[in-house]
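I have placed the structure first, in the form of structure tokens, so that the comments after it can refer back to it.
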Amino acid sequence: MGLNLTYKVLKDHLLEGKLETGQEICIKIDQTLTQDSTGTMVYLQLEAMGIKDIKTERSVAYIDHNTLQQGFENADDHEFIKTVAAKYGIVYSKPGNGICHQLQLENFGKPGSTLLGSDSHTPTGGGLGMIAIGAGGLDVAVAMATGKYFMKAPKVLNVKLNGKLKPWVSAKDVILYVLKELSVKGGVGKIVEYSGEGVKSLSLTDRATITNMGAELGATTSIFPSDERSLEYLKSQGREADYKEMKADEDAYYDEVIEINLEDIEPLVAQPHSPDNVRPVKELINLKVDQVAIGSCTNSSYSDLMKVARILKGKSVHPDVSLCISPGSSAILKALAENGALADMIAAGARILECACGPCIGMGQAPKTDAISLRTFNRNFYGRSGTESAQVYLVSPEVAAISAIHGYLEDPRVITDEIDFEMPEIFEKSENLFVYPKEDRESVEVVMGPNIKPFPINSQLEDSMSGKIVLKVEDNITTDHIMPSNAKLLPYRSNIPYLSNYSFSTVDTEFPQRCMDNDGGFIVGGDNYGQGSSREHAALAPLYLGIKAVITKSFARIHKANLINSGIIPLEFANTDDYEKIGFMDEIEISNILEDLPKGKLTLKDKAGGNSIEVLFEGSERDIEILRRGGYLNYAKTNLI
Ligand code: MIC
Ligand code: SF4
């Protein structure tokens with residue numbers, strides 16, 4: 001049987017291991033990206049590795065998350081990243097230039113290449129035929145230092161697209177449809193590969209919307225073939241030379257196949273508080289809306305915003321609605337300014353925000369108490385908007401724009417006018433917001449302001465551990481629960497001691513203090529624990545608080561890797577019913593760890609209930625060695641560098 005596209009790219013990049021599903025492989029990483037909120041930690045770790053040069057072809061450091069400079073903290077972080085980038089030969093993207101994934105696609109995306117990014121939506125690059133994976137910061141630092149990334153060869157889920165979308169149905173509805181079908185854990189351990197006749201009808205940025213939100217499926221990444229539409233896009237970015245046709249063999253093998261007829265899809269909405277809680281828009285019309293936010297790495301492309309501008313043209317935003325729009329990149333904003341679309345948005349009453357993540361990560365525009373907020377973003381987890389009582393609904397740009405005018409959730413199929421606009425033949429870019437590294441890097445001095453604090457490093461694994469269950473939580477706990485992000489906390493991403501005071505603060509405010517009082521302990525969780533962000537702070541803050549192991553029904557991929565990288569053992573119940581047998585504040589003990597870990601089976605003794613519970617460790621030999629050494633940094637320093 002022939003190769004699918006995923007395995008073709010993996011094969012071209014294979015450095016170690018056998019390319020068989022489930023086996024650990026090491027692949028060559030061509031490009032990396034970081035953004036500021038995870039980047040400070042990545043570069044502190046890179047510095048700690050003591051290397052001189054990076055091994056990747058292109059590495060870029062973006063500033064897009066913490067762009068508000070209310071105090072010195074964010075500015076300190078930016079300066080640190082800027083100087084570190086100059087030292088190692090990394091391109092630096094200034095605040096205001098745009099959102100990392102949009103910029104990476106426009107400026108550096110290359111069909112057939114690999115990209116590792118310290119942000120979970122790095123799979124956006126899959127729209128251009130790349131294997132683009134989101135990972136924890138330490139994995140990205142190691143990829144820069146060595147050019148290597150270790151992963152389990154994934155299963156490949158083929159989504160075959162037939163037909164064509166109907167008017168007013170968009171790429172966002174396609175991915176919401178897939179999420180409804182597969183759920184937020186449907187993609188775990190898999191790469192989602194799109195194929196079929198329907199692919200041709202989707203523009204490059206449509207494809208990027210779909211691969212971007214594949215992160216919400218829990219998938220390792222998603223990928224589209226690279227074809228004429230990719231060439232068209234690369235031409236418009238002045239990068240025709242980077243084009244390469246990429247597609248699966250005719251008789252390619254797939255572990256699973258699902259078929260979707262694009263004609264069956266209608267405008268959809270993801271209701272609070274999960275991206276897979278999807279329903280047709282038509283069933284929820286008349287929901288009164290307070291805020292509409294358009295933008296984010298999912299839906300802030302030129303064509304997304306042109307559609308919005310055309311819907312708003314000559315109309316007024318409803319008096320009760322606050323509409324804010326954040327363009328994905330400075331090149332897009334410039335094009336909208338030049339062709340008058342920006343003026344149409346402003347005339348309609350939209351608030352134009354800078355080109356950055358903004359409200360998507362709670363950096364400003366927190367909605368009012370109990371607000372209904374419609375967003376074109378990818379996540380609507382509890383509390384993420386910055387307002388705990390807000391209800392966030394995820395929609396397409398078309399639904400967002402028409403709803404902003406009407407003041408309640410509206411189906412865009414009520415619009416009778418045709419929308420039409422031309423794509424620019426070429427996007428003229430101003431390179432002024434990128435800083436390319438200079439030849440002479442020797443003299444660069446890395447500047448670390450007072451906001452930047454040392455990060456915790458674990459010590460060698462001990463053979464037995466005991467302590468209390470200091471927290472017991474339900475299914476689908478997100479990294480936004482474990483380490484919340486909002487305008488008040490984001491400036492402390494380079495300051496784990498401060499941040500750890502807020503770990504699980506929307507779940508249980510006593511958690512950090514309880515950890516201090518009990519000399520750390522253990523966390524028990526349900527299914528899909530740690531879904532969402534790639535932020536390794538969700539492992540580093542618990543490490544700082546003394547958490548030794550996390551026992552769950554199942555983990556989300558990036559968070560599990562981050563726990564291992566921090567030297568915290570991720571364990572799963574052999575029998576998920578045992579979740580009920582362990583109680584909050586029970587005293588537990590796990591012994592014989594060094595011998596049992598390689599066997600993948602450990603015994604947890606619950607001292608209070610007298611129960612012996614079997615727990616599983618699923619990981620490679622290398623993962624076990626990392627845990628033994630007390631984390632990936634210790635391991636990388638001696639084994640990889
Ligand atoms: C997110 O969308 O949750 C973020 C903020 O981009 C995160 C990264 C972070 O927490 O800094 C992500 O997706 O990885
Ligand atoms: Fe930024 Fe939001 Fe995209 Fe995360 S999901 S990278 S916060 S725009």
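Keep in mind that what you see is a predicted model, and the values were worked out from it rather than measured. Each ligand, and each atom within it, is numbered from 1 in the order the structure gives.
- Within a 6.0 Å sphere centred on CZ of Arg279, heavy atoms belonging to other residues, nucleotides or ligands number more than 12.
- Side-chain atoms of Ser222 and Thr211 form no donor-acceptor pair, as typed in the model, at a separation below 3.5 Å.
- Asn277 places no side-chain N or O within donor-acceptor distance of the main-chain N or O of Ala270, the cut-off being under 3.5 Å.
- Between Lys110 and Asp30 there is no salt bridge, since none of the side-chain N atoms of the basic residue sits less than 4.0 Å from a carboxylate O of the acidic one.
- Other residues, nucleotides and ligands contribute over 12 non-hydrogen atoms within 6.0 Å of the NZ atom of Lys429.
- Remark: ligand 1 and Asn378 share no N or O pair separated by less than 3.5 Å (distance only, no angle test).
- The protein atom (non-hydrogen) at minimum distance from atom 7 (C) of ligand 1 is Ser533 OG, 3.2 Å.
- Ligand 1 has an N or O atom lying under 3.5 Å from an N or O atom of Arg535, backbone or side chain.
- At least one heavy atom of Arg493 sits under 4.0 Å from some atom of ligand 1.
- In this structure, Phe555 and Tyr529 have perpendicular ring planes: the angle between them is above 60°, well past the 30° mark.
- We find that Lys87 and Glu47 are joined by a salt bridge, their nearest charged nitrogen and carboxylate oxygen being less than 4.0 Å apart.
- The shortest N or O to N or O distance between Gln35 and ligand 1 is under 3.5 Å.
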N/O donor-acceptor pairs under 3.5 Å from side chains in residues 122-134, not counting sequence neighbours:
{"residue": "Thr122", "atom": "OG1", "partner": "Asp119", "partner atom": "O", "Å": "2.5"}
{"residue": "Thr124", "atom": "OG1", "partner": "His121", "partner atom": "O", "Å": "2.5"}
{"residue": "Thr124", "atom": "OG1", "partner": "Asn212", "partner atom": "ND2", "Å": "3.2"}

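- Heavy-atom contacts of Asp119 reach the following atoms of ligand 2: 6 (S) (cutoff under 4.0 Å).
- Each of the atoms 5 (C) of ligand 1 lies under 4.0 Å from some heavy atom of Ile361.
- Each of Leu103, Leu115, Val60 was scored for a side-chain contact (heavy atoms from CB on, under 4.5 Å) with Phe108, with one residue passing: Val60.
- Electrostatic pairing of Asp77 and Arg493 does not count as a salt bridge here, judged by no charged N lying under 4.0 Å from a carboxylate O.
- Contacts of Met483 with ligand 1, taken as heavy-atom pairs under 4.0 Å, are absent altogether.
- No more than 12 heavy atoms of other residues, nucleotides or ligands lie within 6.0 Å of CD in Glu474, so this atom counts as exposed by the packing criterion.
- Near-neighbour remark for atom 2 (Fe) of ligand 2: protein N, O or S atoms under 2.8 Å are Cys360 SG; waters not counted.
- More than 12 non-hydrogen atoms from other residues, nucleotides or ligands lie less than 6.0 angstrom from NZ of Lys334.
- Among protein heavy atoms, the minimum distance from atom 2 (O) of ligand 1 is reached at Arg384 NH2, 2.8 Å.
- Here is the list of ligand 2 atoms found below 4.0 Å of a heavy atom in His101: 6 (S).
- Checked against a 3.5 angstrom limit, the closest N/O atoms of Thr38 and ligand 1 fall outside it.
- In terms of protein heavy-atom proximity, atom 11 (O) of ligand 1 is closest to Ser37 OG, 2.4 Å.
- Among protein heavy atoms, atom 6 (O) of ligand 1 sits closest to Asp119 OD2, 2.7 Å.
- Thr479 approaches Ala538 most closely through the heavy-atom pair CG2-CB, 3.9 Å.
- Of all atoms in ligand 1, listed by their number and element, those nearer than 4.0 Å to a heavy atom of Ser534 are 12 (C), 14 (O).
- For ligand 1, the atoms closer than 4.0 angstrom to any heavy atom of His65 are 4 (C), 5 (C), 6 (O).
- Distance from atom 13 (O) of ligand 1 to its nearest protein heavy atom, with residue and atom name: Ser120 OG, 2.5 Å.
- The shortest non-hydrogen separation linking Glu216 to Leu179 is O-CD2, 3.5 Å.
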